Number of protein chains: 2
Amino acid sequence: MATSTVENYLKHMLLLSEGGEELVSMGALAEALAVVPGTVTTMVKALADSGHVEHRPRQGVRLTAEGRRVALNVLRKHRLVECFLVNVLKMDWAAVDTEAEQLEHAISDEVLDRLDALLGHPETDPHGDPIPSRQGKLDSQVYATLATCVVEKPLRIVRITDQSAEFLQFVEHNGLLPGESVRVTERNLASGLVTAKKTAGRPLVLSLAAAGKILVQPAR
Amino acid sequence: MATSTVENYLKHMLLLSEGGEELVSMGALAEALAVVPGTVTTMVKALADSGHVEHRPRQGVRLTAEGRRVALNVLRKHRLVECFLVNVLKMDWAAVDTEAEQLEHAISDEVLDRLDALLGHPETDPHGDPIPSRQGKLDSQVYATLATCVVEKPLRIVRITDQSAEFLQFVEHNGLLPGESVRVTERNLASGLVTAKKTAGRPLVLSLAAAGKILVQPAR
DNA sequence: ACGTTTATTTTGACTAATCAAAATAACTAA
DNA sequence: TTAGTTATTTTGATTAGTCAAAATAAACGT
């Protein structure tokens, strides 16, 4: 069995490679895992020996089919656990990522399946992140963001790509939850500011950086 | 934070001391934790340094108030998780101990509280084992067993004290679940056999060892 | 093309948890 | 007592995962 450390390495590789094809740098992985780069190099070599990744020295690392399989299973556990914590235990939207971080390594595939059934086989977690299927299919659709979308076009929020509690609290406080309708009324590259409006509500100003973490699709 | 290894050491000390006062031997602990005795000695000294236990060299070990607090919290998590797995996820009675072994170290106190509420604050887990209260109270009532009870007296099964899947499957298969009514019709010390009868059913023969793991109280 | 910055890898050391096997202490039976 | 059994402790090694800091390689700018 993969240790939870191994599972974390693989999961973050999957998240950082946006689908699994590109090489992930040691630096990015070190950052994501909150360890020093040397540790990642060492670990990645071990993961290459165990067949979970392919390591190109000085270039980066990529998941093998087997590594991807493991990573998708962990991600599925993480996101289904988040659904459970929010939908069943009514926990705070912004706090569940931390909880799921622990639980994703502790639940068995058996529990996973039953949780999935209990929740009605959801397709996304409470933040809008797609849940990998049992068979390892992950919706990798590319969405526009409030930083890149067409101005004045009616939109629907589909996903928030920053799981930090602070950001999620901000999002919730301003009613920018997945499913909500909005449109961007103004975008100023120079100042780095985006103005958005909900159908009913006062205009809301946010930075380009923040706007880029809110994924949208055309309304309806 | 206590690592899950530490939590396991403390939990097993609590279980082996039947309430917390007697000294637990290194050998018993090694057996329960499936490690060699030398490992336990080393670990127990570390736990003494961190204030979780009091170590009497060559005699045994005992939980301190703090160690007991931690152990009770872990046990509470274990047993509430078992309730959840059986009552909500409808998992197999005999399989949940293994699952809970992992989950008890991964769920936060916050999740614990919500799980407790969701389940309606149960007092025992599916095997009849008492769940420590939030405040750390643990029902330590001493029950008779099918090996020690009065013959022919009507009884109610309250608890099964062997969590191995094999034994639990045997118990389930013979309808000796907690809550069921039985009486012992015959007990033969020489042959080591006990004969029990459910209100409606054929007589059931089991060994004294097995009978001793089934706790009962007077019916009604 | 040359020196500088930046990313990566290597090296040596550390911690937590473990085992195997030797040493020690305690108990037990003649 | 004294030898023998049994439980415990000690010692030395091992594995997984980590860090700090030095060494190396690649990329970048002029």
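Proteins come first, then strands; the chains are lettered A, B, ... in the order of their sequence lines, and each starts at number 1. Given the structure is predicted, the values throughout are model-derived calculations rather than measurements.
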Checklist outcome for this item: A/Val171 and A/Leu177 have their tightest heavy-atom pair at CG1-N, 4.2 Å
Checklist entry - Between B/Arg76 and B/Glu104, is there a side-chain N and carboxylate O pair less than 4.0 Å apart? => result no
Checklist entry - Whole Å only: how far is the CG atom of A/Asn8 from the C1' atom of D/dT18? => result 14 Å
Item to check | Phosphate contact (C/dT9 OP1 or OP2) by A/Thr42 side-chain N/O below 4.0 Å | outcome: no
Checklist entry - Any idea which of C/dT8, C/dC19, D/dT9 is nearest the A/Pro37 side chain? => result C/dT8
Next on the checklist: Heavy atoms only, 4.0 Å cut-off, all strands: where does B/Gly38 land among base, sugar-phosphate and nothing?
Outcome noted: base
Checklist entry - Would you call A/Glu54 and A/Arg56 a salt bridge, taking side-chain N to carboxylate O under 4.0 Å as the test? => result yes
Checklist outcome for this item: Separation of C/dC19 atom P from B/Leu33 atom CG, nearest Å, is 10 Å
Checklist entry - So does B/Thr39 get a side-chain nitrogen or oxygen closer than 4.0 Å to the phosphate oxygens (OP1/OP2) of C/dC19? => result yes
Checklist entry - Should A/His55 be listed as having a side-chain N or O under 4.0 Å from OP1 or OP2 of C/dT9? => result yes
Next on the checklist: Taking the minimum atom-to-atom distance to the side chain of A/Val35, which one of D/dT8, C/dT9, D/dT18 wins?
Outcome noted: D/dT18
Item to check | Rounded distance in Å - CD (B/Gln59) to C1' (C/dC27) | outcome: 13 Å
Checklist entry - In whole angstrom, what separates A/Leu29's CG from D/dT18's P? => result 11 Å
Item to check | Whole angstrom value for the distance that separates C1' of D/dA26 from CZ of A/Arg56 | outcome: 16 Å
Next on the checklist: Measure CD/B/Glu31 against P/D/dA7 and give the value in whole Å, please.
Outcome noted: 11 Å
Checklist entry - Under 4.0 Å between a side-chain N/O of B/Thr5 and OP1 or OP2 of C/dA17, yes or no? => result yes
Next on the checklist: From the set C/dA16, C/dA7, D/dT8, return the single nucleotide nearest to any side-chain atom of B/Thr3.
Outcome noted: C/dA16
Next on the checklist: When you measure from the side-chain N and O atoms of B/Lys45 to the phosphate of D/dT10, is any distance below 4.0 Å, counting only OP1 and OP2?
Outcome noted: yes
Item to check | Check: A/Trp93 side chain, A/Pro126 main-chain N or O, donor-acceptor pair, under 3.5 Å | outcome: yes
Item to check | Nearest-angstrom distance from the residue atom CG of B/Leu47 to P of C/dA16 | outcome: 12 Å
Item to check | Most 5' of A/Ala34 and B/Val24 on DNA chain D, judged by nearest nucleotide | outcome: B/Val24
Item to check | Closest to side chain of B/Val36, choosing from D/dA25, D/dT10, C/dA20 | outcome: C/dA20
Item to check | Whole angstrom value for the distance that separates P of D/dA16 from CE of A/Met43 | outcome: 9 Å
Next on the checklist: Is A/Tyr9 close enough to D/dT18 that one of its side-chain N or O atoms is under 4.0 Å from OP1 or OP2 there?
Outcome noted: yes
Checklist outcome for this item: So NE2 of B/His12 and CD of B/Glu7: to nearest 0.5 Å the spacing works out to 12.5 Å
